[in-house]
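Keep in mind that the numbers below use all heavy atoms, side chains included, and drop hydrogens, waters and symmetry copies. The chains referred to below are lettered A, B, ... by the order of the sequence lines, with proteins before strands, and numbering in each begins at 1.
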2 protein chains.
Amino acid sequence: MVTMSDVAKLSGVSTMTVSNVINDRAGVSDQVRRRVLEAIRQSGYRINVSARTLRSGRTGVIGLAVPEIDRPYFGHLATHVIAQAKERGFHVAIEETGAGAAGEIDAIAHSHKLQFDGLILSAVGLDPGDSRLSGGDYPIVMLGEQDFSARFDHVAMPNEEGTKAATAHLIDRGCRRIAIVTGAALDGVNVVTRRYHGYLAALAERGLDADPALRFAVDGMTLAGGRAAAHRLADSGHEVDGVVAVSDTVAQGVLRGLADRGLRVPDDVRLVGFDGIPEAAYTVPSLSTVAPDHRWMAAKAVELVTARIDDPSRPAAAYTAPFDLMLRESTR
Amino acid sequence: MVTMSDVAKLSGVSTMTVSNVINDRAGVSDQVRRRVLEAIRQSGYRINVSARTLRSGRTGVIGLAVPEIDRPYFGHLATHVIAQAKERGFHVAIEETGAGAAGEIDAIAHSHKLQFDGLILSAVGLDPGDSRLSGGDYPIVMLGEQDFSARFDHVAMPNEEGTKAATAHLIDRGCRRIAIVTGAALDGVNVVTRRYHGYLAALAERGLDADPALRFAVDGMTLAGGRAAAHRLADSGHEVDGVVAVSDTVAQGVLRGLADRGLRVPDDVRLVGFDGIPEAAYTVPSLSTVAPDHRWMAAKAVELVTARIDDPSRPAAAYTAPFDLMLRESTR
DNA sequence: TTGTAGGCGTTATCAA
DNA sequence: TTGATAACGCCTACAA
């Protein structure tokens, strides 16, 4: 390995001068600078980040922890976060937590271990009251899901408002028996319960009854889960003319499951999803969806971590992303 | 910050003993071990990875560089790589290269900079002859696309064989005018050209002409690209009874584009994709596809990097993933 | 403008 | 079984 002192020897100066050249510090004559740069080129020297970090305490890397990177929503989110971080001179390392509290706690620990300067955590399993969250002053921004606003910086999704708008839209289109395909965890405050409450709120506001028999829970927020739920729904014998899905991926599964049972969308059943993933515009029929502004969310999250990295004592801030209700063929 | 020597003082031993306890090395009495662990717990000590890396030269992190993490194929691949690496005690940091040679070179540079122990690079833009690849003995494994086998460890996809099998399948189903929706870069040796050649090979073997008018190029391997290509195809006036798409994502776009033009799959046109992403089973109609074994590929890639990390001088190895031709509704 | 000394937190080596 | 010492490669502080 080529070290600074190798470069120093090669160019006939001290390591300190090499360091000054590398870090673009003032007080190096042009002639020496050139000689050092040439020596660096020749030797193929690369700075050792561990050594530098050991001294400076900064790595320039932000961690992004998501439940499952193969879920389109998180893939898109990651792409945006990477772009935003790059603009601020940070690098992003992605971590997969596996949608459980344990994985999320692990991600925080790893984040320390790998010496990221800060962490953006898309927590779905973690409870805000979890005692293991008592980490201290490490810069963590919660993205999208649970409400940790009191203790952490937080960029929330418009879960209730969005699902409420989606449900109201179905009612406007004439639906009266509206089912919801929701997640399994219906206690606590999380993305699933909040979206469920948005659905209930819209029904209540329009004077419709919420029939518990029209609530179908999926195990994971997956295509398979959505499909299975649609099968149960179709086989239940309940007349349903509208379906609110907890996410676009689940909605895609529902779409497939309804097709399996010969139910046509939107003719027999109207369907609306949540997340606004680009894929939703390409299904057949295309999928109406609640689309939070992903770019905005990513920008906000990166802005918050970097701010907290610079000033660990600043008060926690909370924002909620704006959203669009994208109307497509599935609710025509 | 709590350091090892703080823990050492607190528990009345030397730093070396603390180090031994932390790294689970033999030769520490149970009593001392317990005392040290208790001191670690009390003090909230966390190991400093930079210092450890500075000494040991290992970070325990493998970089995974992919063109776009929001493309389902890469999302799934990443999930598998993470799982496999975990089994071998490695951590994975994902890097997005943006599907260009520049980004891929950058990823290599970053990988050095961030001191990953090795890098798995899913290169699509990089040319095997690129002079900037002359890095030296840093452990890099090429995954999936280009053929770098002479200089790098390489896990290839069954590009030609797979597309050939897919095309032959269409012919078996009675298709005679088979179009291909392919990528833009039709020179050099890359995933696009190899799949294209597989298509040509199948046609030739069955005595069918390859009509250049039935070749439709997309700009990116995206849903939008596939849709646009399908529009051009439908509007061209050519009679087409089968379509081979260069990837599943492109095929999904094609599916949508054909629906836009009122063409039914498989009744009017049969369609087959490539990659075997799980999403392909959930489209309407579901999508036949060439499915390489992702888990196998991930396992092989991780095996190769770790082997090279342990022995940088071992000869480069090359493997090609096995595949299944998944037959679904789109070619029924 | 350049150089020297010392230390960041950890671990390998060798001695006790 | 445990401990003292000397690095790892870089940067801060200060001296020349």
Side-chain angles (χ1 to χ4, degrees), chain A residues 1-40 43-61 109-117 138, chain B residues 1-40 43-61 89 91 111-117 138 309-310:
Chain A
M1 180 189 270
V2 187
T3 73
M4 234 180 211
S5 74
D6 293 331
V7 175
K9 260 176 226 146
L10 197 61
S11 47
V13 300
S14 74
T15 61
M16 207 45 233
T17 299
V18 176
S19 173
N20 286 333
V21 169
I22 285 171
N23 293 286
D24 233 356
R25 281 187 278 257
V28 183
S29 68
D30 257 21
Q31 204 193 1
V32 171
R33 177 183 306 277
R34 244 189 298 276
R35 225 169 48 212
V36 170
L37 288 174
E38 175 57 20
I40 288 175
S43 60
Y45 167 77
R46 289 178 200 269
I47 194 157
N48 180 321
V49 178
S50 293
R52 166 186 274 178
T53 298
L54 186 58
R55 295 252 14 157
S56 72
R58 287 278 180 95
T59 57
V61 180
H110 277 138
S111 181
H112 274 103
K113 214 186 75 175
L114 295 177
Q115 309 242 121
F116 301 151
D117 291 342
Y138 181 73
Chain B
M1 179 191 268
V2 186
T3 73
M4 231 180 214
S5 74
D6 293 330
V7 175
K9 261 176 226 149
L10 197 61
S11 47
V13 299
S14 73
T15 61
M16 207 45 233
T17 299
V18 176
S19 174
N20 286 334
V21 169
I22 285 171
N23 293 287
D24 235 354
R25 280 186 277 254
V28 182
S29 68
D30 257 21
Q31 204 193 0
V32 170
R33 177 183 305 277
R34 241 190 300 278
R35 226 168 47 209
V36 170
L37 288 174
E38 174 58 18
I40 288 175
S43 59
Y45 166 76
R46 288 177 198 273
I47 194 157
N48 181 322
V49 178
S50 293
R52 163 185 282 177
T53 299
L54 183 58
R55 259 314 314 198
S56 69
R58 290 279 180 92
T59 57
V61 179
H91 207 88
S111 181
H112 274 102
K113 213 187 75 174
L114 294 178
Q115 310 243 123
F116 301 150
D117 291 342
Y138 181 73
I309 289 168
D310 289 339

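- B:Arg35 has its CZ atom 11 Å from the C1' atom of D:dT2, to the nearest Å.
- Between A:Ser43 and A:Asp6 the shortest side-chain heavy-atom distance does not fall below 4.5 Å.
- Phosphate contact (OP1/OP2 of D:dT2, side-chain N/O of B:Ser29, threshold under 4.0 Å): present.
- Between the C1' atom of C:dT10 and the CE atom of B:Met16 lies a distance of 9 Å, rounded to the nearest Å.
- Look at CE on A:Met4: it is 6 Å from C1' on D:dC10, rounded to the nearest Å.
- Here A:Asn20 does not reach the OP1 or OP2 of C:dT2: none of its side-chain N or O atoms lies under 4.0 Å away.
- Residue A:Thr17 places at least one side-chain N or O under 4.0 Å from the OP1 or OP2 atom of C:dG3.
- Distance from the side chain of B:Thr15 is smallest for C:dT11 among the nucleotides C:dT11, D:dT2, D:dC10.
- Rounded to an integer number of Å, the gap from B:Leu54 CG to C:dG7 P is 16 Å.
- Regarding B:Asp24, its CG atom lies at a distance of 16 Å from the C1' atom of C:dT11, rounded to whole Å.
- Taking side-chain N and O atoms only, A:Thr3 has no distance below 4.0 Å to OP1 or OP2 of D:dG9.
- The side chain of A:Ser19 lies closest to D:dC11 when the candidates are D:dC11, C:dT11, D:dG9.
- In this structure, B:Thr15 OG1 and B:Lys9 NZ are separated by 10.5 Å, a value rounded to the nearest 0.5 Å.
- Between the side chain of B:Arg55 and the base of C:dA12 there is no donor-acceptor pair of N/O atoms closer than 3.5 Å.
- Note that OG of A:Ser11 and CZ of A:Arg33 are 12.5 Å apart. Values are rounded to the nearest 0.5 Å.
- Whole-Å rounding puts the B:Asn23 CG to C:dG9 P distance at 17 Å.
- For the side chain to side chain contact (heavy atoms under 4.5 Å, CB included) with B:Val18, the lone residue among B:Val36, B:Asn23, B:Leu10, B:Val28 that qualifies is B:Val36.
- Remark on DNA chain D: of its neighbouring residues B:Ala51 and B:Ser14, the 5'-side contact belongs to B:Ser14, judged by nearest-heavy-atom nucleotide.
- Taking only side-chain nitrogens and oxygens, A:Arg52 comes nearer than 4.0 Å to OP1 or OP2 of D:dC11.
- When the nearest nucleotides of DNA chain C are assigned to B:Ser5 and A:Gly27 by heavy-atom distance, the more 5′-ward of the two goes with A:Gly27.
- Between A:Arg52 and B:Ser50, the side chains place no donor N or O within less than 3.5 Å of an acceptor N or O (distance only, hydrogens not considered).
- For B:Arg25, a side-chain nitrogen or oxygen approaches OP1 or OP2 of C:dA12 to under 4.0 Å.
- Distance, A:Lys9 NZ to D:dG9 P: 11 Å, rounded to whole Å.
- Rounded to a whole Å, the CG atom of A:Asn48 is 13 Å from the C1' atom of D:dC11.
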